[in-house]
2 protein chains.
Amino acid sequence: MHYEKILKSLSDRTRLRILYVLLKAKKELCICEIMDTLALEHYNVSKHMKELKVTGLVKEQRSGKFVFYALADNKDSFVRNIVEAVAAIPETEFNEDTKRLNKRLTLRQNGKCVVGILKKSRKQKG
Amino acid sequence: MHYEKILKSLSDRTRLRILYVLLKAKKELCICEIMDTLALEHYNVSKHMKELKVTGLVKEQRSGKFVFYALADNKDSFVRNIVEAVAAIPETEFNEDTKRLNKRLTLRQNGKCVVGILKKSRKQKG
DNA sequence: ACCATATATGCACATAAGCGCATATATGCA
DNA sequence: TGCATATATGCGCTTATGTGCATATATGGT
């Protein structure tokens with residue numbers, strides 16, 4: 001395995017935020033929820049998710065038009081320690097993300113995201 | 001603290017090797033020992049040590065002409081988990097380094113490095 | 001003071017990485 | 001089949017990063 005690649009995949013602040021959010025959410029999140037949580041464009045989130053997928057930190061599952069991402073179950077002790085380290089980061093570090101995540105999750109219906117990408121023009125309408 | 005910077009400092013294979021070697025050596029190593037262990041040029045080792053120092057993973061202590069490096073004592077749980085992760089990497093991953101380290105350590109006298117940089121011309125002589 | 005040696009640093013170069021934009025793919029619905 | 005929407009990907013650009021070489025600094029011995 002390429003240990004340094006796993007570390008590299010988390011050496012970017014955006015990806016670290018993504019992993020942290022997935023950790024704290026403790027549930028699958030779709031791209032649109034993650035992009036709203038991080039306040040980033042969907043294509044960047046998408047690219048970062050791919051990296052996290054490649055290194056095996058994250059798993060993906062499609063459900064209709066939506067693609068849900070979650071932490072992968074890792075047996076490797078190296079990866080488990082890394083994930084534990086990220087979990088040990090104080091919440092204040094990603095406070096804004098947490099706020100936005102919680103707000104966004106209230107839009108779920110029956111525990112699933114039904115919102116999609118909130119474009120600026122549509123955000124105005126609600 | 002900048003968590004992603006700590007991860008980034010270990011996202012390079014050379015620096016990961018350095019940390020691993022310091023972990024397994026369980027003692028201070030000087031630059032010349034590290035460069036022989038990793039089979040790298042001194043100036044690269046030096047630069048990498050600086051990075052590891054900046055992120056607080058490694059501490060430095062000068063003793064005469066020699067500069068010794070060792071793992072820093074970290075209280076932060078994030079860093080401790082990261083270091084634990086690195087320690088959990090199987091020895092086979094850095095087998096060659098371990099071999100070269102052990103060989104190099106036999107050159108110590110009274111537990112201290114007295115060898116310095118073995119230039120090619122001097123290596124011939126022993 | 002001078003020299004040898006241990007380590008550090010500045011510079012130029014090649015490569016990698018992240019971003020924004022445009023566009024492509026995939027899915028569901030009419 | 002055609003369209004809207006969710007997500008992914010390719011491209012060009014800018015910036016960051018690692019390396020090698022040359023050189024600088026630091027220390028001890030003569």
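In the text below, chain A, chain B and the rest are named by the order of the sequence lines, each starting its count at 1. Quick caveat, the model's predicted, so the values are computed rather than measured.
- The A/Lys65 side chain lies nearest to C/dG28 when the options are D/dC21, C/dA6, C/dG28.
- Salt-bridge annotation for B/Lys24 and B/Asp97: absent, with no side-chain N of the basic residue lying under 4.0 Å from a carboxylate O of the acidic one.
- The phosphate of D/dC21 has OP1 or OP2 within less than 4.0 Å of a side-chain N or O from B/Tyr43.
- Among the atoms of the strands shown, only primed sugar atoms or phosphate atoms (P, OP1, OP2) are found under 4.0 Å from some heavy atom of A/Tyr69.
- Phosphate contact (OP1/OP2 of C/dA17, side-chain N/O of A/Lys8, threshold under 4.0 Å): present.
- Looking only at atom types and distance, the side chain of B/Lys112 has a donor-acceptor partner in the side chain of B/Ser63 under 3.5 Å away.
- The B/Asp12 side chain lies nearest to D/dG18 when the options are D/dT27, D/dA22, D/dG18.
- A/Phe68 shares a hydrophobic cluster with A/Phe66; the chain of contacts runs through ILVMFWY side chains whose heavy atoms sit under 4.5 Å apart.
- Here A/Arg15 does not reach the OP1 or OP2 of C/dA17: none of its side-chain N or O atoms lies under 4.0 Å away.
- Atom CD in B/Glu41 sits about 11 Å away from atom P in D/dT19, given to the nearest Å.
- Atom NE2 of B/His42 is separated from atom P of D/dA24 by 14 Å (rounded to the nearest Å).
- In the set C/dA26, C/dA22, D/dA26, C/dA26 carries the atom at the smallest distance from any side-chain atom of A/Arg62.
- A salt bridge links B/Glu33 to B/Arg108: at least one charged side-chain nitrogen sits closer than 4.0 Å to a carboxylate oxygen.
- In this structure, B/Asn74 contributes its side chain and B/Asp76 its backbone to no donor-acceptor pair below 3.5 Å.
- The shortest distance between the side-chain N/O atoms of A/Thr14 and the OP1/OP2 oxygens of C/dC19 is below 4.0 Å.
- Contacts between residues 44-54 of chain B and DNA chain C, defined by a heavy-atom separation under 4.0 Å, are made by B/Ser46, B/Lys47, B/Lys50.
- Salt bridge A/Glu4/B/Arg15: absent, no basic N to carboxylate O contact under 4.0 Å.
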